[in-house]
K.L.:
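Take a look at the following structure, please.
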Amino acid sequence: MDNINSSINNSEDLKKLADLLFPDVVNTPDFYEEKYPYRKLPSKAEVTRMAPSPTGFMHLGNLYSALADERIAHKKGGVFYLRIEDTDEKRKVEGAVETIINVMKYFNIEFDEGAGFDGSAGNNVYGPYFQRQRVEIYHAYVKDLITKGLAYPCFCTEEELEKTRQQQDADKILTGYYGEYATCRSLSFDEIQENIKSGKEYVIRLRSQGSPDGEIIFKDSIKGEVKLPENIHDIVLLKKDGVPTYHFAHAIDDHLMRTTMVIRGGEWLASVPIHYELFHILGFKMPSYGHTALLMKFDEETGGKRKLSKRKDPELSLDYYRKDGYHPYCMKVYLLTLLNSNFEEWHEKFPDKDINEFPFSTSKMSQSGALFDKDKLHNICKNELSALSEYEMYDFLYDWAKEHEPGKCKMWFADKEKMLGILRLYMGIGMKRRRKDFIYARQVFQLISYFFDFEEDGQQEKDSFRFDNETVKAVLNEYLATYSHGDDNSAWFNKLKDIADKFGFASDMKAYKNEPEKYKGNVSDIAEIVRIAITGRANTPDLWAIVHVMGEEQMTGRIKEAIL
RNA sequence: GGCUCCAUGGUCAAGCGGUUAAGACAUCGCCCUUUCACGGCGGUAACACGGGUUCAAAUCCCGUUGGAGUCACCA
């Protein structure tokens, strides 16, 4: 250990230093190695994790990579756990952990162990899963590193650091705390003791063993072989409050929790050298890493793609999708199609198979960042929703409405049979082919609103008649006069044809097409008048079916109202 | 700026040295049709650029350009 370039180079002084800094730490790394043994899992099973900081804000990108982690763990009987990276007090938001667990639950992604579990099931043997509750573990390892001369206290203030950074910037050299700029590297034991006695605050830094010319070649399970420079920075291991930085906590935790694969956002790729050095210096085996391409968003301002951002893209928050009532299953299908390029094909080939049976693979993950495409999402929603039964749809809508539109929920669900009828009609159940009108809950209720709040003159804009008032009234009066609720679809439509003939509209489309100038219009115009009167819309599903779902009374009311 | 990753239609993407360069979404047209939707058929639309290597390059190499990420006592 003579290449460590320490001013304190006899092991006795190092031991003294370690005891000075961490007098209360008694456990050694060996203790924890024994306490958290390797997991006994089926071969090829992977241990993955989701490790958010407790800001409580989750966006699509989080779900995207969590889904990858979850699939990888669960496809072969592995473990997927939740660890909370709460080392930064400033980020902490009350209730965030619950939010995270709930959101994940909403999207049907369950953790096997981790934060939020009480341990009664014996599934938290690798805990605690909150990093703030693990400081004694980190301290044990840091103390060990100090004993080995691989870490040291640094008393530099933030101002001093900032100053050298600016100087380095001006000199156009690499910024950071390394080599000759790592001034606290060479402090003697006495100097350190003096500083501590005088109450100076300090952090613990890594004594980096990397060389400026060094290169590491690392195999990323998504990106393939990546060449990166060795880390040479004496990065902070423990902040002045004794809490570890992300990098250090990551190395300790993923090792002790026996994580085998880390799937994380591509923004972490650049810090792999740090993690590489940390794992090696600690004597840990590295898990395999997969850095996902970041989910991008089209930026109106710049006209280009960019990473999803929490601050700028609230509409990509998972809450947004929950509020509008996007079905979690559809979201999952969409994310899966982005995640694995062959998923879409597989899903189409085996529409009845549980999507969890899909052979998910990191090698099929995209290299470049995908742009979030709402059109595609909507298309998937339409397809997936059209495959549900009316009862499944009913439950889904009810659950959503109860939570997000409690005021209208009562009205919508007052008559269960009516609602089921509407759903059958709009989903095309019983028809040769299903309709695909539904995208998300809020949109569904907009679509079917005329069954309910028509009279209340809702926000819904009504389509206007394309014929003069007189004609409209005459047609509607005739419609009412001849209407008989017992008519079947074709009898009903024949009456519409009769009305057409009576008022100079063509009842025969062919005849109309041949000589359009001979008529005022055709049956479809008659149907349109009736349709607008009843629904307020020029476009709806089959009118006869609508009338029979809403009932004669409501229909008659609508017509009369239109005649007024 | 340094380092790193990425580059096929508007979007997501197949492609692994020889293809008429798939497919999906979007878009447009036609058909079906009382409107809408569904469905069917068809169209527009791509290998960023420049050099190599090779009989042959979207595919391999180098450069350029472009995009993205990252350079904290944040994760």
Side-chain angles (χ1 to χ4, degrees), chain A residues 51-55 85-91 131 154 156-158 161-162 165 169 172-177 201-205 220 222-224 226-229 233 235-247 249-250 264-273 291 293-294 296 298 302 304-307 334 337-338 341-342 344-345 348 366-380 382-383 386 426-428 431-437 447 463 489 493 496-497 500 507 509 522-528 530-532 535 537-544:
Chain A
S53 59
T55 61
E85 313 232 315
D86 56 354
T87 54
D88 184 14
E89 198 68 45
K90 295 187 290 293
R91 288 192 164 220
Q131 292 182 325
C154 166
C156 293
T157 63
E158 289 184 38
L161 258 21
E162 177 59 21
R165 201 191 62 79
D169 238 354
K172 293 186 174 171
I173 55 171
L174 182 65
T175 57
Y177 204 80
E201 291 190 310
Y202 62 92
V203 300
I204 303 292
R205 287 184 182 273
D220 187 279
I222 295 169
K223 302 229 179 231
V226 180
K227 278 185 196 167
L228 292 162
H233 294 272
I235 56 130
V236 172
L237 263 21
L238 254 34
K239 299 185 272 194
K240 67 184 173 205
D241 59 359
V243 175
T245 55
Y246 166 80
H247 304 296
H250 154 55
R264 51 159 46 161
E267 74 262 29
W268 292 106
L269 191 59
S271 43
V272 163
H291 292 91
L294 295 164
M296 312 291 279
F298 183 78
T302 64
K305 297 178 168 189
R306 66 168 168 74
K307 176 183 168 187
Y334 175 59
T337 72
L338 285 184
S341 56
N342 53 336
E344 194 171 11
E345 190 188 351
E348 196 178 349
S366 170
Q367 301 283 303
S368 49
L371 215 48
F372 174 76
D373 184 354
K374 204 161 202 171
D375 282 332
K376 182 70 178 177
L377 202 217
H378 283 182
N379 175 264
I380 287 172
K382 288 181 177 183
N383 281 121
S386 79
Y426 262 91
M427 296 174 77
M431 289 166 52
K432 336 83 242 179
R433 277 189 218 95
R434 292 276 177 106
R435 296 181 64 93
K436 295 180 178 175
D437 295 302
L447 218 48
D463 290 327
N489 204 333
F493 189 61
L496 247 39
K497 284 182 169 176
S507 60
M509 287 305 284
N522 61 63
V523 244
S524 77
D525 296 319
I526 298 297
E528 183 184 290
V530 177
R531 172 173 282 115
I532 292 175
T535 68
R537 322 250 173 111
N539 302 325
T540 70
D542 187 78
L543 228 202
W544 179 85

K.L.:
Are the side chains of R205(A) and I235(A) in contact, using a 4.5 Å heavy-atom criterion?
P.N.:
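Not in contact.
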K.L.:
From the options C12(B), U34(B), C5(B), select the nucleotide whose nearest atom is closest to the side chain of K223(A).
P.N.:
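The answer is C5(B).
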K.L.:
Identify the two heavy atoms, one from E85(A) and one from P54(A), that lie closest to each other, and give their separation to 0.1 Å.
P.N.:
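The answer is O-CD, 3.4 Å.
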K.L.:
Would you mind telling me which of C73(B), A75(B), C12(B) lies closest to the side-chain atoms of S53(A)?
P.N.:
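For S53(A), the side-chain atoms sit closest to A75(B).
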K.L.:
Looking at the side chain of D375(A), which of C3(B), C73(B), C25(B) is the nearest nucleotide?
P.N.:
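It is C25(B).
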K.L.:
Closest approach of G266(A) and L294(A), non-hydrogen atoms and distance?
P.N.:
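That would be N-CD2, 3.8 Å.
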K.L.:
Send over the distance from Q367(A) CD to G69(B) C1', rounded to a whole Å.
P.N.:
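Atom CD in Q367(A) sits about 14 Å away from atom C1' in G69(B).
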K.L.:
Taking N and O atoms by type only, does the side chain of R435(A) place a donor or acceptor under 3.5 Å from a partner on the base of C36(B)?
P.N.:
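Looking at the base of C36(B), it does pair with a donor or acceptor on the side chain of R435(A) (distance under 3.5 Å).
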K.L.:
Of the options C5(B), U70(B), A37(B), whose atoms approach the side-chain atoms of E267(A) most closely?
P.N.:
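Taking heavy atoms from C-beta onward, the closest nucleotide is U70(B).
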K.L.:
Taking the P atom of each, how far is C5(B) from C60(B), in whole Å?
P.N.:
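It comes out at 15 Å once rounded to the nearest Å.
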K.L.:
Counting only side-chain nitrogens and oxygens, does K239(A) get under 4.0 Å of the OP1 or OP2 atom of C74(B)?
P.N.:
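For K239(A), the contact criterion (side-chain N or O under 4.0 Å from OP1 or OP2 of C74(B)) is met.
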K.L.:
I want to confirm an ordering. Mapping K240(A) and M509(A) to their closest nucleotides on RNA chain B, which one lands closer to the 5' end?
P.N.:
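The residue whose closest nucleotide sits nearer the 5' end is M509(A).
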K.L.:
Return the value, rounded to whole Å, for the distance between atom CG of L543(A) and atom P of U35(B).
P.N.:
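After rounding, the gap between these two atoms is 12 Å.
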K.L.:
Which nucleotide wins on minimum distance to the side chain of K376(A), given the candidates A75(B), C5(B), A24(B)?
P.N.:
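For K376(A), the side-chain atoms sit closest to A24(B).
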K.L.:
With a non-hydrogen cut-off below 4.0 angstrom, is P229(A) in contact with a base, only sugar-phosphate, or nothing?
P.N.:
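Touches sugar-phosphate only.
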K.L.:
Looking at U34(B), C25(B), C74(B), which one has an atom nearest to any side-chain atom of D373(A)?
P.N.:
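Nearest to the side-chain atoms of D373(A), counting from C-beta on, is C25(B).
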K.L.:
Which dot-bracket string fits RNA chain B when only Watson-Crick or G-U wobble pairs with both atom distances under 3.5 Å count, crossing pairs get [ ], and | stands for a partner on a different strand?
P.N.:
((((((((.[[[..)..(....]]].(((((.......)))))....[[[[[..)....]]]]])))))))....
K.L.:
Just to confirm, is there a sub-4.0 Å distance from OP1 or OP2 of C71(B) to any side-chain nitrogen or oxygen of S271(A)?
P.N.:
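For C71(B), neither OP1 nor OP2 has a side-chain N or O of S271(A) closer than 4.0 Å.
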K.L.:
Examine distances only and state if a side-chain atom of Y334(A) and a backbone atom of D373(A) form a donor-acceptor pair shorter than 3.5 Å.
P.N.:
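Side chain of Y334(A) to backbone of D373(A): a pair is present.
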K.L.:
Round to a whole Å and report the spacing from CG of D86(A) to C1' of C73(B).
P.N.:
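So the CG-C1' distance, D86(A) to C73(B), works out to 16 Å.
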K.L.:
Hey, does the side chain of K436(A) come within less than 4.0 Å of G39(B)'s phosphate (OP1/OP2), counting only N and O?
P.N.:
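Indeed, a polar side-chain atom of K436(A) lies that close.
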K.L.:
In this structure, how many angstroms lie between the C1' atom of C3(B) and the CD1 atom of I173(A), rounded?
P.N.:
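Going from CD1 in I173(A) over to C1' in C3(B) covers 16 Å.
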K.L.:
Closest approach to the side chain of V203(A), judged atom by atom: which nucleotide of U11(B), C73(B), A14(B) is it?
P.N.:
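Of the candidates, C73(B) comes closest.
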K.L.:
NA contact type, E528(A), heavy-atom cut-off 4.0 Å: base, sugar-phosphate, or nothing?
P.N.:
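If one applies the 4.0 Å heavy-atom cut-off, E528(A) turns out to touch nothing in the nucleic acid.
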K.L.:
P atom, U64(B) versus U54(B): distance in rounded Å?
P.N.:
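Taking atom P in both U64(B) and U54(B), they lie 23 Å apart.
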K.L.:
Describe the nucleic acid contact of K227(A) in one word from base, sugar-phosphate, nothing, applying a heavy-atom distance below 4.0 Å.
P.N.:
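Sugar-phosphate only.
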K.L.:
Strictly below 4.0 Å, N to O, side chains only: are D88(A) and K90(A) in salt-bridge contact?
P.N.:
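Counted as a salt bridge, because a side-chain N and a carboxylate O are separated by less than 4.0 Å.
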K.L.:
Rounded to whole angstrom, note down the C1' distance from A57(B) over to G51(B).
P.N.:
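Comparing C1' positions in A57(B) and G51(B) gives a spacing of 13 Å.
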K.L.:
Could you check whether G266(A) gets within reach of a base, just the sugar-phosphate, or nothing at all, counting any heavy atom under 4.0 Å?
P.N.:
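Sugar-phosphate: the residue G266(A), judged by heavy atoms under 4.0 Å, touches backbone atoms but no base.
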K.L.:
Could you state the atom-to-atom distance from CG of N379(A) to C1' of C25(B) in whole Å?
P.N.:
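N379(A) atom CG is separated from C25(B) atom C1' by 6 Å.
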K.L.:
With no angle test and no hydrogens, is the base of C74(B) tied to the side chain of R91(A) by a donor-acceptor pair under 3.5 Å?
P.N.:
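Result: at least one qualifying N/O pair found.
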K.L.:
From the options U4(B), U34(B), A13(B), select the nucleotide whose nearest atom is closest to the side chain of S341(A).
P.N.:
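Of the options given, the side chain of S341(A) lies nearest A13(B).
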K.L.:
How long is the line joining CG of D542(A) and C1' of C36(B), in whole Å?
P.N.:
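The answer, rounded to whole Å, is 10 Å.
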K.L.:
Has E162(A) got more than 12 heavy atoms of other residues, nucleotides or ligands less than 6.0 Å from its CD?
P.N.:
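Atom CD in E162(A) is packed in, count exceeds 12.
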K.L.:
For L447(A), does its backbone N or O pair with a side-chain atom of R537(A) as donor and acceptor, under 3.5 Å?
P.N.:
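Yes: the side chain of R537(A) pairs with the backbone of L447(A).
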K.L.:
For the side chain of A527(A), starting at C-beta, report the closest nucleotide among C3(B), C73(B), U34(B).
P.N.:
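Out of C3(B), C73(B), U34(B), the nucleotide with an atom closest to A527(A)'s side chain is U34(B).
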K.L.:
With a non-hydrogen cut-off below 4.0 angstrom, is L269(A) in contact with a base, only sugar-phosphate, or nothing?
P.N.:
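L269(A): backbone/sugar contact only, no base atoms under 4.0 Å.
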K.L.:
Is there a side-chain polar atom (N or O) of S366(A) under 4.0 Å from OP1 or OP2 of A13(B)?
P.N.:
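For S366(A), the contact criterion (side-chain N or O under 4.0 Å from OP1 or OP2 of A13(B)) is met.
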K.L.:
How would you label the contact of R434(A) with the nucleic acid (heavy atoms, under 4.0 Å): base, sugar-phosphate, or nothing?
P.N.:
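Sugar-phosphate, no base atom in range.
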K.L.:
Ignoring backbone atoms, establish whether S368(A) has a side-chain N or O less than 4.0 Å from OP1 or OP2 of A7(B).
P.N.:
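For S368(A), the contact criterion (side-chain N or O under 4.0 Å from OP1 or OP2 of A7(B)) is not met.
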K.L.:
Nearest whole Å is fine: how far is G23(B) C1' from E344(A) CD?
P.N.:
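Interatomic distance, CD of E344(A) to C1' of G23(B): 8 Å.
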K.L.:
Picking from C73(B), U35(B), A75(B), which would you name as closest to the side chain of R205(A)?
P.N.:
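From the listed options, C73(B) comes nearest.
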K.L.:
Distance between the P atoms of A14(B) and C74(B), in whole angstroms?
P.N.:
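Approximately 39 Å lies between the P atom of A14(B) and that of C74(B).
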K.L.:
Just how far, in rounded Å, is C1' of G69(B) from CG of L228(A)?
P.N.:
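Going from CG in L228(A) over to C1' in G69(B) covers 12 Å.
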